[in-house]
Amino acid sequence: MTNFLRWLTFALCLPFLFGQGAAQVAPLLANINARQTMSLDGQWQAIVDPYDVGALDYRAQPLKNNNAFYKNYKPQSESELVEYDFDSSGQLHVPGDWNTQREQLLFYEGSVWYKRSFDYTKSPKNRLFLHFGACNYLAAVYLNGEELGEHEGGFTPFDFEITDRVRAHGNFLVLRINNTRARDQVPTVNTDWWNYGGITRPVTLAEVPETFVQDYSVQLEKGSTRQITGWVQLNGARLQQNLTIRIPEAGLSKTFLTNSRGRAEFSFRADLTLWSPENPKLYRVEIASETDQVIENIGFRSIEVRSTDILLNGKSVFLRGISLHEEAPTRPGRGWSDDDARTLLSWAKELGCNFVRLAHYPHDESMLRMADQMGLMVWAEVPVYWTIQWENPQTLHNAENQLNETIARDHNRAALIIYSVANETPVSDSRNRFLRQLIQDAHAADATRLVSAALQAHEVADGNRTTIHINDPIASDLDVLGNNEYIGWYTGRPEDTDSTDWISEYGKPLIMSEFGGDALFGYHGDAHIRWTEEYQENLYEHQIAMLKRIPFLRGMTPWILKDFRSPRRTLPRFENYFNRKGLVSDRGEKKEAFFVLQKLYRELQGGQPPKQLKSSSY
Ligand code: GCU
């Protein structure tokens, strides 16, 4: 059988191999790090398996015998044939992408098997969950030679209950991670970011009581700055319990009774210091049932839209933002840690930001919690990016699942104000239906936040001026309009912004979610020379002048904070597989344009409203 044919049969079996998306994933445990946990991070054994011989026989049939890598089988005698061995197969660090850990894996797309052995003595009666921050893209998870389940989607958390499967000694956890791109996936085959594969975020064992606090929401009611509303969901046998919500610093303690499904809903008044970028106040909140307790840090703020204004705690606000990818600030590869988040957000703060767009997929939980602490409002996004299969119900289910997992993880974060359901998607009936479903899902799952999307308006030349009309049909379903434009880079010259006007008939606030141009740090020259810092600087100056003239503009997130890896950027000398639109280079060096934007944001921070923009506080 030729290699091509074997590959073909493998490709045909891929959906069968990985099953139809997530199966036995357990409901997400909220606030994993506040639980009794054991980290499984560190060096894991790893086998790179481009032909999936660890899962398929040469007829491309799923392996169920000891040749299946998840069996972690060892030859019982010198004459027994076993063609794999985790323990002599090298290691990869978890969390981490595999691409930047071994040179030969930089462009690798396919399967990698991971194995981690561990001992764990669980307290009797307690339950044990295995939690993954994220794995890109498809994960099949096995414990002690048994399948736990699968998860699809590279940027959201998932967990499995292993209470009855774990043993005190000699557990072996095996994952097959595959990041092969496919048309029906979310994102699909084409992205302007690196397809980092691997167990990219922390892996944690969490031990909880038999009946535990599964999840909760403690937030201010929509449009209120004094009414707390929320719910708590228990999981276990004893679902009807007394429950107490305490906010000690505010002298608040409220008791409720969960119903027969383990759920309590509540609403009560509270005089709290409101969370804002200027004062990111977080309160210790204690959620205690008769059998469990979880401690959370929550900020209380209201966010809403009134006509073309975005109101934070009832006051109109201008979102001084920047877009960023989840790449580590000072080393190659995916970011995932508190330090990564702190460094990236400190650069945003240094720019004068009060807002960040986490593009184009849910970033690690540490980023959201760091934004809570540092006082940065957040635009979060699911990777419905460019042209995905709008007609494919499986693709819609996948996108909905990623959105719900994002909301399930982050719905208590004060910093998180906007869910974005898409980026630069071509208008069509099927696309509109698809996105309307996601917008509905977001509002249904979380009524307290705003929903947006990064649209692409089209320009109409009239005489010597150009008018850009935001008229995307789904704009009527969004709370806030987002728009990406690249005047001066992909279209025209930077100076063309001087004769460009913007209109929209939606009477909604606009966030210019992307604009920018590439510059190679240290490459200097005349401002009309592409790739120079001066070209980027000039582009920013003209963009800012144009943006100041848009009466319904209430925020911006220029593209992008830092240069990032992209497989679409092949130009030697200037790109070398990096998108160079960062205001900071991939080595953390600030380009001239960084200071242009910083000057504007400092001007806005000082409260001197730039001419034209009518918003009351900046
Ligand atoms: C697009 C897209 C980004 C991309 C950027 C660019 O607008 O949303 O993901 O990186 O343009 O071309 O630099």
Side-chain angles (χ1 to χ4, degrees), residues 304-310 316 318-319 321 323 357 359-360 379 381-382 384-388 390-391 396 399 418-443 450-493 496-516 542-559 612-615:
E304 55 190 317
V305 161
R306 189 178 301 150
S307 166
T308 57
D309 282 338
I310 297 174
S316 172
F318 188 85
L319 303 175
S323 296
R357 176 185 179 207
H360 291 291
W379 160 305
E381 189 161 289
V382 286
V384 175
Y385 181 90
W386 288 347
T387 311
I388 65 170
W390 309 113
E391 316 266 357
L396 175 59
I418 297 175
Y419 297 115
S420 165
V421 295
N423 179 75
E424 295 189 355
T425 50
V427 175
S428 71
D429 291 350
S430 55
R431 170 262 196 186
N432 299 346
R433 272 194 306 279
F434 192 110
L435 296 189
R436 287 201 168 105
Q437 182 59 54
L438 291 179
I439 295 166
Q440 222 175 301
D441 293 348
H443 281 136
L450 308 175
V451 178
S452 188
L455 310 174
Q456 289 172 298
H458 302 289
E459 48 192 74
V460 186
D462 60 0
N464 55 10
R465 297 196 67 78
T466 299
T467 302
I468 301 189
H469 190 181
I470 297 181
N471 57 5
D472 188 311
I474 64 149
S476 53
D477 304 80
L478 299 172
D479 303 306
V480 175
L481 309 178
N483 188 82
N484 298 356
E485 51 91 3
Y486 281 93
I487 304 168
W489 187 257
Y490 293 127
T491 58
R493 303 159 310 127
D496 294 347
T497 53
D498 304 347
S499 56
T500 300
D501 307 307
W502 291 75
I503 57 171
S504 136
E505 73 257 15
Y506 292 100
K508 294 181 179 182
L510 170 67
I511 295 173
M512 201 60 84
S513 39
E514 287 183 36
F515 66 87
H542 283 275
Q543 278 281 344
I544 288 169
M546 174 188 70
L547 294 167
K548 283 181 174 177
R549 288 187 285 108
I550 305 176
F552 49 95
L553 187 79
R554 289 297 176 274
M556 58 175 84
T557 51
W559 194 258
Q612 302 258 1
L613 287 181
K614 291 198 194 57
S615 190

Which atoms form the tightest heavy-atom contact between [X] and [Y], and what is the distance?
| X | Y | result |
| --- | --- | --- |
| L481 | S452 | C-OG, 3.8 Å |
| S307 | P509 | O-CD, 3.2 Å |
| F515 | L547 | CE2-CD1, 3.4 Å |

Here the salt bridge (Lys or Arg N to Asp or Glu O under 4.0 Å) pairs for residues 477-489, sequence neighbours left out, are R436-D477

So the salt bridge (Lys or Arg N to Asp or Glu O under 4.0 Å) pairs with at least one residue in residues 423-435 (sequence neighbours excluded) are R431-D472

Do the side chain of [X] and the main chain of [Y] share a donor and acceptor less than 3.5 angstrom apart?
| X | Y | result |
| --- | --- | --- |
| Q543 | I487 | yes |
| S504 | I470 | no |
| T466 | T500 | no |
| R549 | D501 | no |

When rounded to the nearest 0.5 Å, the distance separating OG1 of T497 from CD1 of I468 is 10.0 Å

Taking the inter-plane angle between the rings of H360 and W559 on a 0 to 90° scale, is it parallel (under 30°), tilted (30 to 60°) or perpendicular (over 60°)? parallel

Quiz item: For residues S513 and N484, is any side-chain donor paired with an opposing acceptor at under 3.5 Å?
Solution: yes

